[in-house]
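Encoded as structure tokens, the structure appears first; notes follow it.
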Amino acid sequence: MSEQTKARSTADALRADDKKDAPAAAGGGPVGAVANWMDERTGSAKGISYLMKKVFPDHWSFMLGEIAMYSLVILLISGTFLTFWFVPSMGETVYNGPYVPLKGTQMSEAFASTVRISMDVKGGLLIRQIHHWSALIFVVSIALHMFRVFFTGAFRKPREINWIIGLLLAMLAMVEGFLGYSLPDDLLSGTGIRAMQGFILSIPVIGTYISYILFGGGFPGQDIIPRFFTLHVLLLPAILVGLFTAHIILVMVHKHTQYPGPGRTNKNVVGFPMMPVYAAKAGGFFFVVFGITALIAGLVSINPIWMYGPYEPTMITAGSQPDWYMGFADGALRLLPGFLEFNLFGKTWSFNIMIGAILMIPILWTIMGLYPFIEKWVTGDNEEHHILDRPRNRPTRTGLGMAAITFYGILFAACGNDIIAIKFHLSINDITRAFQIGLIVMPIIVFWVVKRMCLSLQRYDRDLVLHGRESGRLVRTAKGRFFEAHEDLDDYERWALVAYESPAPVDLESATDENGVRRKSARKDRLRARVSHYYFKDRVEPVTPMELASAHHDGQAGEQIESHPDEAESGHMHGGAEEIGAAHAYGHPSPHDKQD
């Protein structure tokens, strides 16, 4: 038997168990049949296939947006449960339920139904608290998600629209929260509604008419709770769900941003596909968020309305404070000077109330919405960005963000100036004056400190790339000199420290053209150059491959390091005294330098 025949026989033996029957008709069983039926009529297979293969990067900060989305789902589920028993009516009734302290008390049907949900309905109090806690988590997760987006530059082209959608979501979530805790018509929420009516009345000329239309007459009227209920349950949730859907669709269209790293570019996404990895992780994370929210709701009481009692226009809750996300507006109201209220044309103009209570939110949200376009104008950058910035590599932006957070924090703290004065036995006038001064001074100080910290961290990263990590090992050379051996970074660590852009200030062009005629855009160009200089005059360039090679082979002074036998055994000694001359920014004279 020839070799060829033997080889063929061996191959046939290996394939003896192969199935030779015709394959069964494709279908995938009942599920496949339904999917095929839907695809033939809707053409959805292509879109679903694209979605299932969509890649998402893996980083803990991306979960902040997911927490907001899951909290919204929890709000919709728990809110639907509460609508089965809540009565949005201002009609009067007398309470005869199981809660003895309120027996025989006259109250609105809204308050009575809320007490019934809390005391009579099985699981009602737990669902109420889940709803309230998830609302707070919803707002705080949106805020933290927007912080991440801002500090990492995820708002840049092509995501400006998504940044604006996020701002609208944050603002509507605040309004939705205010409407929600106003519905029970208890003494605390009634105090908040009364304050809101006073804010509306401070609007010049039209404030009285707006209040009359909103309340259906004088305060409190019979219409405010039903109208708040319609807004809270129907209109605003529909808008929130629509904006969230648009936000997610734009994330799909633009692809997800990712942090810098080896293999990550503006043209790809390194991570896990939707199916099966990301879907399993996201599904599990939803139940984690739901479980933690339920745990908090079961252990920590919030908004015990039966202790406040029903709202009475002649009464007010002592020490009442708005929820944290509305506190900054109340703080601004308390810090604004009294001289902003004056009489003119026979009318009283209360700008000391209107600016803080009415204009504060639109002004701040407009500034935040315009920031991506302002930064784009300053940098002149029209490229698409899918790689995120490290906050330290954008010191001016990071400083501005922290200054804004400080501004908000002082306003929020000022919201409780009366409580602080009572608890610490201090003068409320002194506390208010300190907050007023801090509102102007502290953001400037925080901006300067944070910017210098970012620049210092950049310099640290630069030295780390050039000289490596300190190993803690001291090496003595044949000449008796001591060095600390440094360990080189691996490529993955080094990549994150050098893969960033450091924009240079825009050069100021000549104010006149080649004919000596003043250009129309000269003033605008001068302003842009000044702002660009303010943004980027303090900058640390990323380490280039040439600088890295020079640091490893030639040293900082550009001189060849002599190779000693003991040095060869101990490895690279980057960062030693012979690498840093006296002229270097980190250098200092050394006796060894003089001898050599």
Side-chain angles (χ1 to χ4, degrees), residues 140 143-144 146-147 150-151 170-171 174 192 195-196 198-199 202-204 318-344 348-371 374 391 394-456 530-531 534-535 537-538:
V140 73
L144 293 176
M146 295 193 68
F147 290 163
F150 179 83
F151 287 119
M171 184 169 62
M174 293 166 53
M196 181 202 71
F199 301 156
S202 69
I203 302 176
S320 59
Q321 304 289 327
D323 273 348
W324 70 269
Y325 48 84
M326 298 295 291
F328 74 99
D330 195 9
L333 182 68
R334 301 184 185 209
L335 295 186
L336 285 169
F339 62 76
L340 291 176
E341 179 177 298
F342 53 87
N343 294 320
L344 186 65
T348 301
W349 305 78
S350 299
F351 289 108
N352 59 331
I353 298 176
M354 179 186 172
I355 293 176
I358 302 297
L359 295 182
M360 176 65 68
I361 293 178
I363 291 174
L364 293 181
W365 259 246
T366 300
I367 294 174
M368 290 189 289
L370 291 176
Y371 183 83
I374 295 173
R394 291 291 184 268
T396 302
R397 180 204 295 158
T398 303
L400 290 173
M402 291 305 301
I405 293 175
T406 304
F407 182 82
Y408 167 84
I410 293 176
L411 290 178
F412 175 73
C415 174
N417 60 349
D418 54 340
I419 305 298
I420 296 174
I422 293 172
K423 296 298 182 181
F424 292 95
H425 305 287
L426 300 173
S427 169
I428 190 172
N429 294 327
D430 294 341
I431 294 174
T432 302
R433 185 65 64 189
F435 279 133
Q436 289 174 335
I437 296 173
L439 190 65
I440 299 173
V441 175
M442 287 306 298
I444 299 174
I445 296 176
V446 169
F447 168 79
W448 183 83
V449 171
V450 171
K451 183 176 180 180
R452 304 316 301 179
M453 288 177 62
C454 289
L455 291 171
S456 298
R530 288 178 178 175
V531 177
Y534 169 77
Y535 258 75
K537 66 176 180 178
D538 297 322

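Atoms CZ and CG, from Phe328 and Leu364 in turn, are 6.0 Å apart once rounded to the nearest 0.5 Å. Taking CG of Leu333 as the reference point, atom CG of Asn352 lies at 7.5 Å (rounded to 0.5 Å). Atoms CH2 and CD, from Trp349 and Glu341 in turn, are 12.5 Å apart once rounded to the nearest 0.5 Å. Atoms OH and CG, from Tyr535 and Leu400 in turn, are 5.0 Å apart once rounded to the nearest 0.5 Å. Here the CD1 atom belonging to Ile203 is positioned 11.5 Å from the OG atom belonging to Ser350, to the nearest 0.5 angstrom. Distance check: Asp330 CG to Met360 CE gives 11.0 Å after rounding to the nearest 0.5 Å.
Closest non-hydrogen pair, Ala332 versus Gly356, comes out as CB-CA, 4.0 Å. Annotation for Pro391 and Thr398: closest pair O-OG1, 2.6 Å, computed over non-hydrogen atoms.
Side-chain atoms of Arg397 and Tyr371, non-hydrogen and from C-beta on, do get closer than 4.5 Å to each other. For the pair Phe151 and Arg394, the minimum side-chain heavy-atom distance is 4.5 Å or more.
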For residues 434-453, tabulate all N or O donor-acceptor pairs below 3.5 Å that involve a side-chain atom, not counting sequence neighbours.
| residue | atom | partner | partner atom | Å |
| --- | --- | --- | --- | --- |
| Gln436 | OE1 | Arg433 | NH1 | 3.0 |
| Gln436 | NE2 | Leu335 | O | 2.7 |
| Arg452 | NH1 | Asp538 | OD2 | 3.4 |

Enumerate, atom names and distances included, each donor-acceptor pair closer than 3.5 Å involving a side-chain atom of residues 411-423, sequence neighbours excluded.
| residue | atom | partner | partner atom | Å |
| --- | --- | --- | --- | --- |
| Asn417 | OD1 | Arg334 | NH1 | 2.7 |
| Asn417 | ND2 | Thr432 | OG1 | 3.2 |
| Asp418 | OD1 | Arg334 | NH1 | 3.0 |

